[in-house]
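Have a look at the structure below, then the notes.
Basis for what follows: all heavy atoms, side chains included, without hydrogens, waters or symmetry-related copies.
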Amino acid sequence: MLKLMQLEMKKLHLAGYIRSALIANACILGLLSTIGLDSHIEGVPEFRQYAQLLDLMDNMVRATFIVFASVLLCRFIVGEFKSKSITILFMYPIHRQKLMIAKLLIVLLFTFLSIVISEIIITAAIHLLNQFVIIVPDKLTFSILADQSARTLINAVAASFMGLVPLYMGMRRYSVPTTIVTSILIVALLFSNNNGATLSSIAPVQISFSMLGMLVAYAAIRRIEDKDIA
């Protein structure tokens with residue numbers, strides 16, 4: 001399985017996606033810094049505690065990489081079905097289900113690692129900037145970091161599976177736009193701020209969407225085995 005994943009990753013050219021992820025990190029960092037600085041200058045700090053800033057950062061990062069996951073699904077799965085290039089892979093002496101599992105695992109791992117690494121990078125950058133300009137008038141303590149680290153890992157796992165949900169719509173008509181639009185709608189639903197709260201912060205909602213992503217992955221694996229690709 002690892003060998004198959006390595007071969008698929010070479011074909012995907014992940015370097016371009018990593019570069020795009022770093023650009024997304026820079027945009028999130030810039031936005032958070034601007035919000036913090038402007039509000040502090042106006043005399044009404046948007047972030048009074050690090051926890052508030054880290055919560056917003058977590059939501060922004062997860063929302064970003066759920067959409068990223070849909071782009072990977074389009075490039076890696078939906079696009080290959082649409083162009084029929086997947087039929088060439090089916091000629092290889094590799095079980096169809098193993099091939100699909102390898103593709104899905106790559107998307108899951110990329111999404112998970114992107115979220116975790118991005119939050120580490122952005123948190124470190126904000127802490128460094130906060131030594132020179134006031135973004136948040138609070139100290140980043142070990143207890144805050146420990147709490148955020150635990151939530152980041154749990155949320156990253158959940159978001160990785162949420163990112164698979166758009167695959168269901170994309171595979172119905174092998175449509176790239178439908179896949180991406182579905183991910184944007186999911187992000188809008190889960191991460192829209194409503195009086196300081198989001199649906200993604202509600203554990204049952206997060207668990208439900210994560211399980212839905214698992215079901216979509218299972219259905220895709222079953223479908224590729226049961227259906228011939230014309």
Requested in this report: Provide the full list of salt bridge (charged side-chain N to carboxylate O under 4.0 Å, His left out) pairs with a residue in residues 148-169, sequence neighbours left out, each pair given once.
Outcome: Asp55-Arg151, Asp147-Arg151
Query raised in the report: Which pairs with one or both residues in residues 115-135 pass salt bridge (charged side-chain N to carboxylate O under 4.0 Å, His left out), sequence neighbours excluded?
Result: none
Going only through I, L, V, M, F, W and Y residues with side-chain contacts under 4.5 Å, is there a path from [X] to [Y]?
X	Y	result
Val216	Tyr218	no
Leu109	Ile120	yes
Leu153	Met214	yes
Val107	Ile18	yes

Just jot down the side-chain contact (heavy atoms from CB on, under 4.5 Å) partners of [X], sequence neighbours excluded, or say none.
X	answer
Ile207	Met211
Leu145	Thr123, Leu140
Tyr17	Leu12, Leu14, Val71, Leu72, Arg75, Phe110
Ala125	Leu29

Side-chain heavy atoms of [X] within contact of [Y], under 4.5 Å:
X	Y	value
Thr141	Tyr50	no
Arg222	Met100	no
Leu32	Ile135	no
Thr111	Ile66	no
Asn130	Phe47	no

Do side-chain atoms of [X] reach the backbone of [Y] as a donor and acceptor pair under 3.5 angstrom?
X	Y	result
Lys103	Phe76	yes
Asn59	Phe191	no
Gln52	Arg48	yes
Asp58	Thr152	no

**Report entry** Side-chain hydrophobic cluster, 4.5 Å single linkage: members besides Ile134
**Finding:** none
Query raised in the report: Leu128: which other cluster members, linking ILVMFWY side chains closer than 4.5 Å, directly or transitively?
Result: Phe132
**Report entry** Which residues share a ring-ring contact (aromatic ring centres under 6.0 Å, His included) with Phe68, sequence neighbours left out
**Finding:** Phe65
Please tabulate, for side-chain N and O atoms in residues 159-172, each donor-acceptor pair with protein atoms closer than 3.5 Å (sequence neighbours left out).
from	atom 1	to	atom 2	distance (Å)
Ser160	OG	Phe112	N	3.2
Ser160	OG	Ala156	O	2.7

Query raised in the report: What are the two closest heavy atoms between Met60 and Leu31, and how far apart are they?
Result: CE-CD2, 3.2 Å
Query raised in the report: For Gln206 and Arg62, what are the C-alpha separation, side-chain angles and deciding distance, and is it a side chain to side chain contact (heavy atoms under 4.5 Å, CB included)?
Result: CA-CA 12 Å; Gln206 184 166 252; Arg62 284 188 291 150; 2.9 Å; yes
Report task. Just do the side chain to side chain contact (heavy atoms under 4.5 Å, CB included) check on Leu104 and Ile77 with the steps written out, would you? Result -> CA-CA 9 Å; Leu104 291 171; Ile77 299 175; 3.8 Å; yes
Could you tell me the separation between the [atom1] atom of [X] and the [atom2] atom of [Y], rounded to the nearest 0.5 Å?
X	Y	atom1	atom2	answer
Gln148	Asn155	CD	CG	8.0 Å
Leu113	Leu108	CG	CG	10.5 Å
Thr64	Ile28	OG1	CD1	4.0 Å
Ile121	Leu22	CD1	CG	6.0 Å
Leu54	Ser149	CG	OG	9.5 Å

Requested in this report: Assess whether side chain to side chain contact (heavy atoms under 4.5 Å, CB included) is satisfied between Leu129 and Ser33, documenting all intermediate values.
Outcome: CA-CA 8 Å; Leu129 284 172; Ser33 300; 3.7 Å; yes
Please list every donor-acceptor pair under 3.5 Å in which a side-chain atom of residues 176-188 meets a protein atom from a residue at least two apart or in another chain.
from	atom 1	to	atom 2	distance (Å)
Thr178	OG1	Ser175	OG	2.8
Thr179	OG1	Ser175	O	2.8
Thr182	OG1	Thr178	O	2.7
Ser183	OG	Ser70	OG	3.0
Ser183	OG	Ile180	O	2.6

Report task. Hey, could you give me each pair passing side-chain hydrogen bond (donor to acceptor under 3.5 Å, both in side chains) that has a residue in residues 23-32? Not counting sequence neighbours. Result -> Asn25-Ser118
Report task. Check whether NZ of the Lys or CZ of the Arg Lys82 lies under 6.0 Å from the centre of the six-membered ring of Tyr174 and within 45 degrees of that ring's axis. Result -> no
